[in-house]
Amino acid sequence: MIQLSHNYSLPEREEDIIPIKVVGVGGAGTNALDRIVLDGIDKADVIAINTDVQSLASSVATAKVQLGRGVTRGLGAGGDPELGYQAAVESADEIRQALVDARMIFICTGLGGGTGSGATPLVAQLAREAGSLVIAFATLPFSFEGKRRAAQAQEGLARLNQIADAVICFENDCMGDIVAPKAGIHQAFAVADITISQSVRSIVNLIQRPGLIRIGFDDLLRALRSENGRCLFGFGESDSDNRAHDALGQALKNPLMNKGKMLADAAHVLVQVAGGPGMTLSEVEILMQELGRHINDQTQILFGTAVDSRMGNRLSVTIISSLGNESGAETKQAIMHTPAAPPAPMPPIWEQQQPIETPATVGASDGMVDLPPPAEDLVQFPQPELVQDVQPTVEPPAAKAAPEPPCVIIPRLKPAPKGPGEPKQPKPEKFAHAKQEVLQFEPITRGRFEKSEPTIVEGQDLDVPTFLRKNFRVK
Amino acid sequence: MASSDLMVGLEIGTSKICVVVGENRPDGTIKILGVGQAPSRGVRKGEIVDFETAMKCVHEAVVDAEQKSDVMIRSVYVGVSGSHIQSFNNRGCVLLPEDRDEIDEQDIEDVKISAREVSIPAQNAFLHSIIQHYHVDGQDGVLNPVGMLGQKLEADFHIIHGVRTRIQNTIRCVKELPLEVEDVVFNALASAQVVLTQHQKSLGALVIDIGGGTTDYILYVDGAVKECGSLAVGGDHITNDISMGLRIPMTRAEKLKIEEGGVTLGNCLPGETVLLKDDSGFAGKEIERESLNTIIHLRLRETFELLKRKLEEQSFINYIGEGIFITGGCSLLNGIHHLAGDIFEMPARVAHAQTMSGLTSAFENPQFSTAIGLIKYAQAVQADRRPRRGIGRIFGRFFTGMR
Ligand SMILES: Nc1nc2c(ncn2[C@@H]2O[C@H](COP(=O)(O)OP(=O)(O)OP(=O)(O)O)[C@@H](O)[C@H]2O)c(=O)[nH]1
Ligand SMILES: Nc1ncnc2c1ncn2[C@@H]1O[C@H](COP(=O)(O)OP(=O)(O)OP(=O)(O)O)[C@@H](O)[C@H]1O
Ligand SMILES: [Mg+2]
Ligand SMILES: [Mg+2]
């Protein structure tokens, strides 16, 4: 809960909240969505979409859409993506209604099952047709779930990659590695859900504080988007004597970071350092230098700091990035960001000439940082010319359709949502100046259990209400 | 009054901070001089998560206790809890030298050290080594072997340990106030000192202290501690469940739980509702009583069942003669002892500190078991420590008097 008190910007812009919706599709998607709600999300609507009424009934989402009343009759899709797709087609009008009036839609789903794999691409399609930017968070099944599920998941992912603006993939097998071997599948799911929740909430907060963020959606997308949908996300916090080092170490230990090794391949890295008034310039420098060892010189860093007196002695680091394709990250980047001038490589922060806005004196009195006043059009949608017409509907997954390998899928850019309006082009100079935005991230907030480690016993996350896990319907 | 006769217990709980000031009377009784309290902030699941805030609250409670008892507090016995706390049983053994066959105090020290020659995780520190039984040349049931003749002295200990840095957090919080830390005590061990009598410990009993953030438990068989631990689930979870299930804010869920909550199912009239009054004067919200109780019931059933499965990994639970004693704030939930009794299949009751001189009835409340228990613990420790002053550090002292 980092928040700056800037007397000049926040109040007027409060009503400028960007309409965001977070959607969970299928059983896994609904579970991830519940985690997000439990962890606390405001400034975004949450919608559960599923064929399975039991799962919908126990969800804490405020809006719910039942898919395929006729086709699946309230049961799940039984692992059949074709059925999941049919169910979504049947309920397309309801989905459309639920998705209306959002500028940004996050879709959480577990690929591999019927509803997740079959319905999600259509949901994404309808979201884009409604004029939203679409970012999908998808899990891929464990290898022990079998080849069929894996193939269904890959097929679903391929479709999703064609439609969504960015797809962030969580491999369940990797989640499995970081929980104790005997902990079991539920704990691995719980870890996946927590990670998805952290990522979604961080990004929502990044966007919902426009007065403080000098970053466009295109910048965000650049950090998130990759050919193979591999997102790197890390969050760490420490109050030790060596807190900058410890917080970074923790962030790099995140399951989606792979010990920081993969950061080396990233083209863009978004970094935010937040701390109390005692945060010093040298700490930030140490941290950025250490981070520098994990990234290469070509990597563009989008860097920001935030000071909040409530952080006390704690210092936190949030890192968001995505993995380029080793073979040709640079060439594909051009396609991904058609309208933008190729970004100038960003020198590491400690080599920049401009002073960092985090001197030892920041917030000496009240935790405020001197920031340049916010620009008028801080948040911009990338609105390129149509790269390709997007078909109004997705083809149903045909059994014989060859699954496309995910690494060759290039996310297609969104058609201009508001028809013939003046397309706003991102300003080229955006890329030239040093990026020292103050990015706002929400660290792990899990309501009452924020800051405490999750209570996971016998593979169950006990912080999740028992009645939810036991599927008791509260009247 | 000699300051060594003053004892102060401090519980930094998830819901409240409690400071009990007691005096050790010459006749062996304890007189409570005053109890200070403050609502707790910055503590989750029994552990400090926001240092500055927690420290302020502790300070507030200490000042309150100083005013109420009219003494200056310099040092405290502080309770710790948290899911990192673990324990096991281990036997130590010493062989007396050839030329000596009378067991002396040094042998007692040596056998304790020998019992701790086991590896615990590198980041952990010993909290307690509690004597269970001595054996002299294979003879069981020796209470005090000093002065006995024998060649081989063995002793069984219950050893409690936890993550060093997490324990140090609590110590640091106290030291920065600044106050001295006399000793660090696992909460359940403290609670048991006032919830159980010596007789009940001998017959075998399980104490479950369900507070705001943790459920701490300790199991006695034959007068000795055999198992203990802490599950990071407590009243906060119940409140959070209610808040999510009934879609009401946490503060109102907390109030609803305390005022209307119950554990027993099927006790309500069909359609019986509770009116959740709206402070702002608008029409309140009707809440089905059975739904409220079901949410609470499911959480507590799960907690007891988890605990039972945990205890069934060893066999000590089969040797409990006196049953279950539930304490801590959540034990005030109506019908909780019936549920525990059903699940553990043994008698269960709600328990709190018994009358002590100076203790007003307001503190005969299960919420204060740990804090008052700390005083009882302090008394036992001070009696034990007196003859041999100066030994022992904060971590891992041995006490023969403490069981
Ligand atoms: N993160 C997470 N993943 C899950 C969870 N449950 C299942 N999964 C994964 O998601 C995949 C899809 O499972 P579900 O979401 O249950 O399936 P569905 O989309 O509801 O499809 P049908 O049940 O066939 O209608 C599984 O193969 C698992 O790999 C969960 O609770 N959390
Ligand atoms: N009359 C009551 N009925 C039901 N619950 C109650 C009642 N009074 C207090 N509680 C609950 O008991 C809990 C607090 O208990 P207690 O004071 O033993 O906890 P604590 O010592 O602060 O926390 P912990 O030991 O877990 O760190 C809170 O969750 C509170 O809601
Ligand atoms: Mg399902
Ligand atoms: Mg307590």
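So that the names make sense, note that chain A is the first sequence line, chain B the second, and so on, each numbered from 1.
- Enclosure of atom CZ in B/Arg41 is not indicated, since only 12 or fewer non-hydrogen atoms of other residues, nucleotides or ligands lie within 6.0 angstrom.
- For A/Gln54, the CD atom counts as loosely surrounded, since its 6.0 Å shell holds 12 or fewer non-hydrogen atoms of other residues, nucleotides or ligands.
- Note: A/Lys470 NZ to B/Thr294 OG1 = 14.0 Å, rounded to the nearest 0.5 Å.
- Remark: side-chain polar atoms of B/Lys45 are not paired, donor with acceptor, to backbone N or O of A/Phe449 under 3.5 angstrom.
- If you take CD1 on B/Ile238 and OG1 on A/Thr466, they are separated by 8.5 Å, rounding to the nearest 0.5 Å.
- At least one side-chain heavy atom of B/Ser83 sits under 4.5 Å from a side-chain heavy atom of A/Glu453.
- Neither the backbone nor the side chain of B/Arg301 comes within contact range of chain A; no heavy atoms are under 4.5 Å apart.
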- Evaluate the criterion salt bridge (charged side-chain N to carboxylate O under 4.0 Å, His left out) for residue pair A/Asp463 and B/Arg44; output intermediate values, then yes/no. CA-CA 12 Å; A/Asp463 294 341; B/Arg44 293 286 182 276; over 6 Å; no
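- Looking at B/Met244, both its backbone and its side chain come within 4.5 Å of chain A, counting heavy atoms on both sides.
- Distance check, rounded to the nearest 0.5 Å: CG of B/Leu298 to CZ of A/Phe467 gives 9.0 Å.
- Annotation: residues 209-218 of chain B contacts chain A through no residue [non-hydrogen atoms, separation under 4.5 Å].
- Annotation: maximal heavy-atom pairing with chain A below 4.5 Å, among B/Asp236, B/Ile295, B/Ile242, occurs at B/Asp236.
- Under the 4.5 Å side-chain criterion, counting only non-hydrogen atoms from C-beta, A/Leu462 is in contact with B/Glu302.
- No more than 12 heavy atoms of other residues, nucleotides or ligands sit less than 6.0 Å from atom NZ of B/Lys310.
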Check against salt bridge (charged side-chain N to carboxylate O under 4.0 Å, His left out), A/Arg314 and B/Glu52
CA-CA 11 Å; A/Arg314 287 172 290 127; B/Glu52 312 285 308; over 6 Å; no
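- A/Thr455 places a side-chain N or O within donor-acceptor distance of the main-chain N or O of B/Ala232, the cut-off being under 3.5 Å.
- Looking at B/Ile287, neither its backbone nor its side chain comes within 4.5 Å of chain A, counting heavy atoms on both sides.
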